A.B. asks: 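Here it is: the structure, laid out below.
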Amino acid sequence: MAIVEIRDFEKTYAGGFQALKGVTLDIEEGEILALLGPNGAGKTTLISAVCGLVSPTGGTAKIGGHDVVSDYRAARSLVGLVPQEIALDQFSKVADAVRFTRGLFGLPRDEAHIEDILKKLSLWDKRNERILALSGGMKRRVLIAKALSHSPRVLFLDEPTAGVDVELRRDMWEIVADLKKDGVTIILTTHYIEEAEAIADRIGVINGGALLLVENKDALMARMGKKELQITLREPVTSIPKTLASYALTLSEEGEMITYSFDAQGEATGITALIADLSKAGLKLADLHTKQSSLEEIFVGLVGESAA
Ligand SMILES: Nc1ncnc2c1ncn2[C@@H]1O[C@H](COP(=O)(O)OP(=O)(O)OP(=O)(O)O)[C@@H](O)[C@H]1O
Ligand SMILES: [Mg+2]
């Protein structure tokens, strides 16, 4: 059973704006899922509704089998949420803030656990500092420490690395990898495609309140590995010569361009043989160029299509 089960989830805000249009998604225990999407796509709405901060207007979501609306307390006890906006009690001390959050979940004090979290997040030295004295990146770590205070099985990170420097971003990736080792399931949103590439097991793309794709990262990367060679002919042809049938070729509508798809990660591209065979078939080339589709292009293409 998936640890998070989201079915036909919808949210229409009070003003009538539909921010989620029927999202269905299963998240397996122990995986890291990255949600990519442009501003306003519905990422924060989705996370907030699953965590019970926003009430859905349709569909259901369950965490560990507990419905997030009818069985709110049980569902909420299993999740930690690091919100997109930094909202902290500036006058509170770091360790107190983490203890306080744990208390809100009705759990007894556990100083060893608090120490463990603070050390993991390199906040131990700052434990007696007031939050207002911390840098923005440190505050983000405090948010994570609070979200981990009750040992959640599922952690939602809403843009954990927005506006942080490269070093802290890498630290954050390490923290996420460590949490995964501890068996925590992680869902994060990001605008950084390289971040999704670096840490996610699966990638989901959301736009206009709809989930456009959820795919294993390696499968997506394999798709990215596809390259195309575009061959412009001097004279257009009406069809691809039969002698070239063994190649993966497509002919443009006007007949002046042949596109050859090949696996860039494969040992041999077949380009040398193809060019020899083209000339044997009597075709004269005017121009050649290769094109690689990146995850970024796949993403931009998907988002563009869905907006049209
Ligand atoms: N409380 C609200 N009332 C009305 N509309 C809202 C509310 N919160 C969000 N929206 C709208 O819902 C849509 C989705 O917003 P959401 O914050 O979920 O997007 P997002 O994907 O998290 O964007 P970003 O990348 O900018 O954080 C937006 O059009 C937003 O204006
Ligand atoms: Mg957001």
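Fair warning: this is a prediction, and the values are worked out from it, not measured in the lab. Each ligand, and each atom within it, is numbered from 1 in the order the structure gives.
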A.B. asks: With sequence neighbours excluded, tell me which residues meet salt bridge (Lys or Arg N to Asp or Glu O under 4.0 Å) with K280.
C.D. replies: D277

A.B. asks: Among all the protein's non-hydrogen atoms, which is closest to atom 23 (O) of ligand 1, and how far away is it?
C.D. replies: G40 N, 2.8 Å

A.B. asks: Does any non-hydrogen side-chain atom of I175 lie less than 4.5 Å from one of L121?
C.D. replies: yes

A.B. asks: Can you tell me which residue among V82, I47, I187 is in a side chain to side chain contact (heavy atoms under 4.5 Å, CB included) with L157?
C.D. replies: V82

A.B. asks: Nearest heavy atom to atom 12 (O) of ligand 1: which of A19, G16, G15 does it belong to?
C.D. replies: A19

A.B. asks: Just so I know, are the side chains of R169 and Y192 near enough to count as touching, which here means a heavy-atom distance under 4.5 Å?
C.D. replies: yes

A.B. asks: Evaluate L229 against I271 for side chain to side chain contact (heavy atoms under 4.5 Å, CB included), listing each step before the verdict.
C.D. replies: CA-CA 8 Å; L229 175 69; I271 290 175; 4.0 Å; yes

A.B. asks: For M138 and I131, what are the C-alpha separation, side-chain angles and deciding distance, and is it a side chain to side chain contact (heavy atoms under 4.5 Å, CB included)?
C.D. replies: CA-CA 9 Å; M138 284 290 174; I131 287 168; over 6 Å; no

A.B. asks: How would you list all residue pairs meeting ring pair (Phe, Tyr, Trp, His ring centres under 6.0 Å) that involve residues 8-27, not counting sequence neighbours?
C.D. replies: none

A.B. asks: Would you indicate which of N39, T45, T189, T12 comes nearest to atom 26 (O) of ligand 1 when only heavy atoms are counted?
C.D. replies: N39

A.B. asks: Pull out every atom of ligand 1 sitting under 4.0 Å from any heavy atom of A41, numbered as shown with elements.
C.D. replies: 19 (O), 20 (P), 21 (O)

A.B. asks: Has E159 got any heavy atom lying under 4.0 angstrom from an atom of ligand 1?
C.D. replies: yes

A.B. asks: Which residue holds the protein heavy atom closest to atom 17 (O) of ligand 1, what is that atom called, and what is the gap in Å?
C.D. replies: T44 CB, 3.6 Å

A.B. asks: Going by the closest heavy atom to atom 21 (O) of ligand 1, which one wins out of Q84, K43, H191, Q18?
C.D. replies: K43

A.B. asks: Is the shortest distance from a heavy atom of G42 to ligand 1 less than 4.0 Å?
C.D. replies: yes

A.B. asks: Could I get the full list of ring-ring contact (aromatic ring centres under 6.0 Å, His included) partners for F105, not counting sequence neighbours?
C.D. replies: H150

A.B. asks: Among all protein non-hydrogen atoms, which one is nearest to atom 10 (N) of ligand 1, and what is the separation to 0.1 Å?
C.D. replies: Y13 CE1, 3.3 Å

A.B. asks: Check which protein N, O or S atoms are less than 2.8 Å from the Mg ion (ligand 2) and report how many there are.
C.D. replies: 2

A.B. asks: So which heavy atom in the protein is nearest atom 30 (C) of ligand 1, and how far is it from that ligand atom?
C.D. replies: F17 CE2, 4.7 Å

A.B. asks: Would a search of protein heavy atoms around atom 14 (C) of ligand 1 find one under 4.0 Å away?
C.D. replies: yes

A.B. asks: Taking 4.0 angstrom as the limit, do R76 and D71 come out as a salt bridge?
C.D. replies: no

A.B. asks: I'd like to know if R153 and E29 make a salt bridge, using a cut-off of under 4.0 Å between side-chain N and carboxylate O.
C.D. replies: yes

A.B. asks: In the single-linkage hydrophobic clustering (I, L, V, M, F, W, Y; side-chain heavy atoms under 4.5 Å), do L132 and V142 co-cluster?
C.D. replies: no

